Amino acid sequence: MTACTALIAEDEPLLAAHLQAELARLWPELRVVASVTHGAAAVEQALALRPELLFLDIRMPGMTGLEAAQALVEDWPDGVAPPLMVFVTAYDEYALKAFEVAVVDYVLKPVQTERLAQTCTRLRAALAQRAAGSAGGATIDAALGQLRSLLGAPGFGAASAPKLTVIQAGVGAAIHMVPVDEVVYFEAADKYVRVITADREHLIRTSLRDLLPQLDAQRFWQVHRGTVVRADAIVTAVREESGKVTLTLRGRPEKLGVSRLYAQLFKAM
Amino acid sequence: MTASASPGKRPERSAAHRFVLRGARSALLGVAIALVFSFGFDQRLTHALAYSVPISLGCWFFIDSGRLLAARWVHRGAALPRAQWPGWPWMAATIVLGTLLGYSVGRAVGGLLTGANDPGPFVGPSGHDAAMLLFALVPGLVATYYYYARERLAATEARAQAAQRQATEMQLRLLESQLEPHMLFNTLANLRVLIALDPPRAQAMLDQLIAFLRATLTASRAAQHALSTEFARLADYLALMQVRMAARLQIRLDLPDPLATLTVPPLLLQPLVENAVKHGLEPKVEGGRIEVDARREGDLLVLRVRDTGVGLGASAGEGTAFGLVQVRERLATLYGNRASFTLDAADDAEGGTLATVRLPITP
């Protein structure tokens with residue numbers, strides 16, 4: 001087997017060093033191309049270095065491991081197999097057990113050598129299978145499916161909260177009351193969210209992550225990690241040859257891209 | 001008598017169900033009275049039953065519904081579920097009126113059952129209706145008092161149980177928040193690595209973990225400890241966090257010597273320091289600094305926990321509120337309005353959050 005590449009994302013330096021040392025012992029041919037300490041760096045480095053394996057701590061400053069995984073899957077270039085992901089977490093609040101026998105593995109901290117050896121065996125088998133044929137097409141679908149159910153799993157932002165009927169947006173000294181029925185879509189902009197109606201747009205000081213549980217999931221669909229659209233404001237969803245889905249909207253000229261994670265929402269009945 | 005749901009093991013019966021049950025008991029009381037009359041005063045049992053059961057039921061019906069109506073009137077402005085006890089003056093009037101009505105109706109029914117002209121077994125030879133009426137008041141009074149006492153006991157018990165449950169829940173949540181699994185397992189993961197890498201440091205870390213765990217588990221037992229002990233426990237906790245966060249966490253603890261022997265409730269500042277780490281510094285990629293200091297302002301001891309983290313509002317985790325509520329409640333219970341707690345944005349260029357506790361200095 002040729003040298004295989006991996007990226008480690010872990011905010012605690014001792015644990016990152018230890019994981020790297022253990023991997024070096026269990027899997028000498030494995031080359032760790034980068035070790036990063038937060039989610040955004042993981043996405044950036046993974047896109048740049050395209051490692052085959054990714055060890056992601058779930059709780060990291062800024063972007064969590066799960067959010068980094070989502071961003072990576074969405075931004076990964078077409079035609080290249082995405083990295084196999086292993087989540088590392090101190091406490092299994094996401095019921096990751098479901099993924100133990102899957103392409104996406106998970107390891108609990110403190111990481112035990114035998115458990116890590118098992119993960120390595122599993123990853124080797126998955127890489128061998130990938131090399132033997134299937135060219136990544138099937139595996140990206142599998143990874144997408146798992147990530148989808150993981151993101152929808154209880155404990156990951158899906159917690160129910162009282163639903164908003166009005167968005168209160170501050171404009172100077174005034175508070176504009178924007179009924180959610182008038183919102184065409186929400187777009188994440190750094191620490192803010194842009195609230196776009198047919199004729200205006202407002203900025204509200206909240207993150208999309210915090211806003212999402214307060215929206216009715218039947219009416220407001222997440223179509224990208226940074227975009228949530230009111231379903232009945234969508235006129236058409238067009239699938240291009242590359243598989244990319246684009247939305248046209250009622251009352252807005254711009255088109256919105258749907259990430260491959262959410263493309264399956266748009267199918268003819 | 002309250003309608004508040006009691007948290008007993010039995011499922012709570014509906015109001016209508018309980019009303020009918022009281023009626024059935026009254027009918028039984030009527031049967032018992034008939035038995036006494038039939039054997040004690042040599043009346044025919046069927047005859048006695050025909051009068052005593054309708055009279056009992058009549059008295060019960062008018063007294064019990066009278067009570068509910070009176071209670072509804074008395075508590076008409078109150079929130080639901082309303083109390084079902086109108087108070088003794090109203091109740092006395094209800095009993096007298098209810099007995100009068102119940103007795104008359106019951107006697108009429110008894111008359112219909114046995115033949116219209118029969119005066120009934122409870123009318124003495126000279127027709128002392130008034131005496132019988134007075135006699136009929138007794139079961140109504142006794143039964144009312146019995147239910148009153150029983151419901152009051154149940155309500156008291158329910159309140160005591162609820163208070164107990166609340167206290168236990170609070171304690172559990174306190175422990176849970178302090179022994180947060182992420183903190184614990186991440187600390188153990190670091191310890192596991194250090195054991196091979198740097199045994200003396202691993203040992204020091206284990207000692208800090210032991211001190212932290214011991215302090216957490218016994219905090220609820222001791223009423224007060226020295227401020228120097230409080231700072232030592234905070235130092236243990238922060239040292240544990242520093243192994244994990246390395247350069248991302250800088251610590252500055254400042255306790256002036258003259259204040260070291262003053263006493264404070266154990267681990268009062270712990271939730272504030274934890275919040276500063278968890279919600280201030282952990283989410284911040286580059287990390288920052290935590291400062292804990294103590295000062296004297298006249299008769300007040302001022303304790304401050306400041307971080308240079310992401311600041312208020314940036315991270316609204318659920319854990320935050322609980323830690324703050326806990327600090328507020330402890331201060332209110334121990335010092336009333338002589339202590340205060342504030343949480344503000346730090347007012348300098350470095351940003352972050354500043355938590356301030358003010359306590360009266362106890363000699």
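Here the structure is a predicted model, which is why all the values come from computation and not from measurement. These values consider heavy atoms only, across backbone and side chains, with no hydrogens, waters or symmetry-generated copies.
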| said: Counting only heavy atoms not in Q203(B) (residues, nucleotides, ligands), do more than 12 fall under 6.0 Å from its CD? | reply: no

| note | Whatever's closer than 4.5 Å to a heavy atom in chain A on L197(B) counts as side chain

| query | Can you tell if the side chain of R248(B) reaches within under 4.5 Å of the side chain of P61(A), non-hydrogen atoms only? | reply | yes

| task | Evaluate the side-chain contact (heavy atoms from CB on, under 4.5 Å) criterion for residues M245(B) and E12(A): first the C-alpha distance (whole Å), next the side-chain angles of each, then the deciding distance (0.1 Å), finally the verdict. | result | CA-CA 6 Å; M245(B) 296 171 71; E12(A) 301 191 18; 5.9 Å; no

| request: Please flag which part of L281(B) lies under 4.5 Å from any non-hydrogen atom of chain A: side chain, backbone, both or neither. | output: neither

| message | Just verifying a value: how many Å separate L14(A) CG and D198(B) CG, rounded to the nearest 0.5 Å? | response | 9.0 Å

| field | Intermediate values then yes/no, side-chain contact (heavy atoms from CB on, under 4.5 Å), R192(B) and K109(A) | value | CA-CA 10 Å; R192(B) 188 177 181 281; K109(A) 291 194 260 187; over 6 Å; no

| Residues that F185(B) engages under ring-ring contact (aromatic ring centres under 6.0 Å, His included), provided they are two or more places apart | none

| task | Measure across R244(B) and P13(A) and return the closest heavy-atom pair with its distance rounded to 0.1 Å. | result | O-CD, 3.4 Å

| Of the listed residues (D11(A), T37(A), L15(A)), which shares the most heavy-atom pairs with chain B below a 4.5 Å separation? | L15(A)

| said: With chain B as the partner, which of V111(A), T206(A), L108(A) has the greatest number of non-hydrogen pairs under 4.5 Å? | reply: V111(A)

| query | Would you say H182(B) and T89(A) make side-chain contact, with heavy atoms under 4.5 Å? | reply | yes

